[in-house]
K.L.:
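Dropping a structure here in structure tokens format, bear with me for questions.
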Amino acid sequence: MITQIEQQARNLRPKQQKQFQKNAAAQQKKYAAVTNLADQARTNLATKQLNQKVAVSEPVFNDALKYMGYQVANASFANAIDKEVDPSPKAVRDLRASLEKREVAFFVDNTQNDSKVVRQMGSLAKKHQVPVIKITETVPPKQTYADWMTGIYQQVLAVQKQEQG
């Protein structure tokens, strides 16, 4: 994203190209640790025979999951929650079954969601020893974006380590 913004800025103001390049390089350096964690999780998933399926409360972390190589197993449920409508009975039933049978590597829980059914799914995941990755849609107070993302990726890496051992 940083590269795309830099390129667009250079196209709009070619005379400031060097400044845009300098700013982009500084931003990429700032977020390199986050990128490295995502890359490490991606490598682990690809090389260590880990479960690639995950369940999510809603699709707020899906792009990162996809980048790491994970597949969301409950898109119907997640999309309903995202649209603030009740998931279909089949979507709930399917998610319950995948958690009870431990068919997913982990459950991604958006803690800013106050849905009763999401809370129930989080409890069900814990009951059946399915790890729960806690996320938020927005940067928590007193954290930087990098700190926020680092914490989430560290949770994923911890689950991967647990799954390996």
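Heads up: numbering here begins at 1 and tracks the sequence. Computation of the quantities below employed the complete heavy-atom set of this structure, encompassing side-chain atoms and omitting hydrogens, waters and symmetry-equivalent molecules.
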K.L.:
Is the shortest heavy-atom distance from the side chain of Lys18 to the side chain of Lys22 under 4.5 Å?
P.N.:
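SC-SC contact between Lys18 and Lys22 ruled out.
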K.L.:
Do Arg10 and Gln21 come close enough that some side-chain heavy atom pair is under 4.5 Å?
P.N.:
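Counting from C-beta outward, Arg10 and Gln21 do come under 4.5 Å.
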K.L.:
I want to check something: taking the side chain as every heavy atom from C-beta on, are Tyr153 and Val34 in contact at a cut-off of under 4.5 Å?
P.N.:
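Side chain of Tyr153 against side chain of Val34, heavy atoms only: contact under 4.5 Å found.
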K.L.:
Under 4.5 Å between side-chain heavy atoms, hopping through other hydrophobics if needed: is there a path connecting Phe107 to Val54?
P.N.:
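Result: no, two separate clusters.
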K.L.:
Identify whether Val118 and Leu99 are in the same connected component of the hydrophobic contact network (ILVMFWY, side-chain heavy atoms under 4.5 Å).
P.N.:
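Yes, because Val118 and Leu99 connect within a single hydrophobic cluster, where side-chain heavy atoms sit under 4.5 Å apart.
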K.L.:
Excluding sequence neighbours, so at least two apart, what forms salt bridge (charged side-chain N to carboxylate O under 4.0 Å, His left out) with Glu100?
P.N.:
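For Glu100 the salt bridge (charged side-chain N to carboxylate O under 4.0 Å, His left out) partners, ignoring immediate neighbours, are Arg96.
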K.L.:
Please name the pair of heavy atoms, one in Ala78 and one in Pro59, separated by the smallest distance, quoted to 0.1 Å.
P.N.:
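It is O-CD, 3.3 Å.
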K.L.:
Enumerate the residue pairs fulfilling side-chain hydrogen bond (donor to acceptor under 3.5 Å, both in side chains) with a member in residues 82-92, sequence neighbours excluded, ordered by first and then second residue.
P.N.:
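Every side-chain hydrogen bond (donor to acceptor under 3.5 Å, both in side chains) pair that includes a residue of residues 82-92, provided the two are not neighbours, is Lys90-Asp94.
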K.L.:
From Met68 CE over to Asp63 CG, what is the distance, rounded to the nearest 0.5 angstrom?
P.N.:
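Going from the CE atom of Met68 to the CG atom of Asp63 covers 10.5 Å.
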K.L.:
Determine whether a donor-acceptor pair (N or O, by modelled atom type, separation under 3.5 Å) exists between the side chain of Arg102 and the backbone of His128.
P.N.:
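Looks like yes, one N/O pair under 3.5 Å.
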K.L.:
Give me the ring orientation class for Tyr70 and Phe106: parallel if the planes are under 30° apart, tilted from 30 to 60°, perpendicular past 60°.
P.N.:
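Perpendicular.
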K.L.:
Considering only heavy atoms from C-beta outward, does the side chain of Gln164 approach that of Asn44 to under 4.5 Å?
P.N.:
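Side-chain contact under 4.5 Å: yes.
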K.L.:
Give the C-alpha distance, both sets of side-chain angles, the deciding distance and a yes or no for side chain to side chain contact (heavy atoms under 4.5 Å, CB included) between Val117 and Ile81.
P.N.:
CA-CA 9 Å; Val117 71; Ile81 296 299; 3.7 Å; yes
K.L.:
What heavy-atom pair brings Val104 and Ala73 nearest, and what distance separates the two atoms?
P.N.:
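Taking Val104 first and Ala73 second, the nearest heavy atoms are CG1-CB, 4.1 Å.
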K.L.:
Any side-chain heavy atom of Gln27 within less than 4.5 Å of one from Glu6?
P.N.:
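Contact flag for Gln27/Glu6 side chains = no.
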K.L.:
Please confirm whether the backbone N or O of Ala105 pairs with a side-chain atom of Glu163, one donor and one acceptor, at under 3.5 Å?
P.N.:
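Absent.
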K.L.:
Quick check for you: to the nearest 0.5 Å, what is the distance between Lys134 atom NZ and Ile152 atom CD1?
P.N.:
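Answer for the NZ-CD1 pair, Lys134 versus Ile152, is 12.5 Å.
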K.L.:
Can you name the nearest heavy-atom pair linking Lys126 to Val132, along with the distance?
P.N.:
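Shortest heavy-atom separation between Lys126 and Val132 comes out as CG-CG2, 4.0 Å.
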K.L.:
When you look at OH of Tyr145, are more than 12 heavy atoms from neighbouring residues, nucleotides or ligands closer to it than 6.0 Å?
P.N.:
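No, the 6.0 Å shell around OH holds no more than 12 heavy atoms from other groups.
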K.L.:
Find the distance between CD1 (Ile133) and CG (Asn110) and round it off to the nearest 0.5 Å.
P.N.:
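So the gap between those two atoms works out to 13.5 Å.
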K.L.:
Test of understanding: clusters of I, L, V, M, F, W, Y form through side-chain heavy atoms closer than 4.5 Å, transitively. Do Val156 and Val139 belong to the same one?
P.N.:
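Linked, Val156 and Val139 end up in one cluster.
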K.L.:
To the nearest 0.5 Å, what is the distance between CD on Gln160 and CG on Asn51?
P.N.:
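Answer for the CD-CG pair, Gln160 versus Asn51, is 11.0 Å.
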K.L.:
Please find the pair of heavy atoms, one from Leu95 and one from Ala55, that lie closest to each other, and give the distance.
P.N.:
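Smallest heavy-atom distance, with atoms named: CD1-CB, 3.5 Å.
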K.L.:
Quick one: does Gln129's side chain have a donor or acceptor within less than 3.5 Å of a partner on Lys127's backbone?
P.N.:
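Checking the backbone N and O of Lys127 against the side chain of Gln129, a donor-acceptor pair under 3.5 Å is found.
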K.L.:
Once you round to the nearest 0.5 Å, how far does CZ of Phe61 lie from OG1 of Thr136?
P.N.:
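Nearest 0.5 Å value for the CZ-OG1 distance: 10.5 Å.
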K.L.:
Does the Gln28 side chain pair with the main chain of Ile2, one donor and one acceptor, at a distance under 3.5 Å?
P.N.:
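The answer is no, because no donor-acceptor pair under 3.5 Å joins these two groups.
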K.L.:
Does any part of the side chain of Val56, heavy atoms only, come nearer than 4.5 Å to the side chain of Phe77, both counted from C-beta?
P.N.:
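Phe77 does not reach Val56 side chain to side chain.
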K.L.:
Supply the atom-to-atom distance Arg119 CZ to Thr111 OG1, rounded to the nearest 0.5 angstrom.
P.N.:
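Nearest 0.5 Å value for the CZ-OG1 distance: 12.5 Å.
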K.L.:
Between the side chains of Gln19 and Asn23, does any donor sit under 3.5 Å from an acceptor?
P.N.:
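Side chains of Gln19 and Asn23: pair found under 3.5 Å.
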K.L.:
Taking all atoms of both residues into account, what is the closest heavy-atom pair of Gln162 and Pro131, and its distance?
P.N.:
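That closest heavy-atom pairing would be OE1-CG, 4.1 Å.
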K.L.:
Is there a continuous path of hydrophobic side-chain contacts, each under 4.5 Å between heavy atoms, that joins Val92 to Val130?
P.N.:
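Hydrophobic grouping puts Val92 with Val130.
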K.L.:
Of the non-hydrogen atoms in Ala75 and Val72, which two are nearest, and what is the gap between them?
P.N.:
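Heavy-atom minimum between the residues: N-CG1, 4.0 Å.
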K.L.:
Report whether Val108 and Leu37 are members of the same hydrophobic cluster (ILVMFWY, side-chain heavy atoms less than 4.5 Å apart, transitive linking).
P.N.:
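Yes, because Val108 and Leu37 connect within a single hydrophobic cluster, where side-chain heavy atoms sit under 4.5 Å apart.
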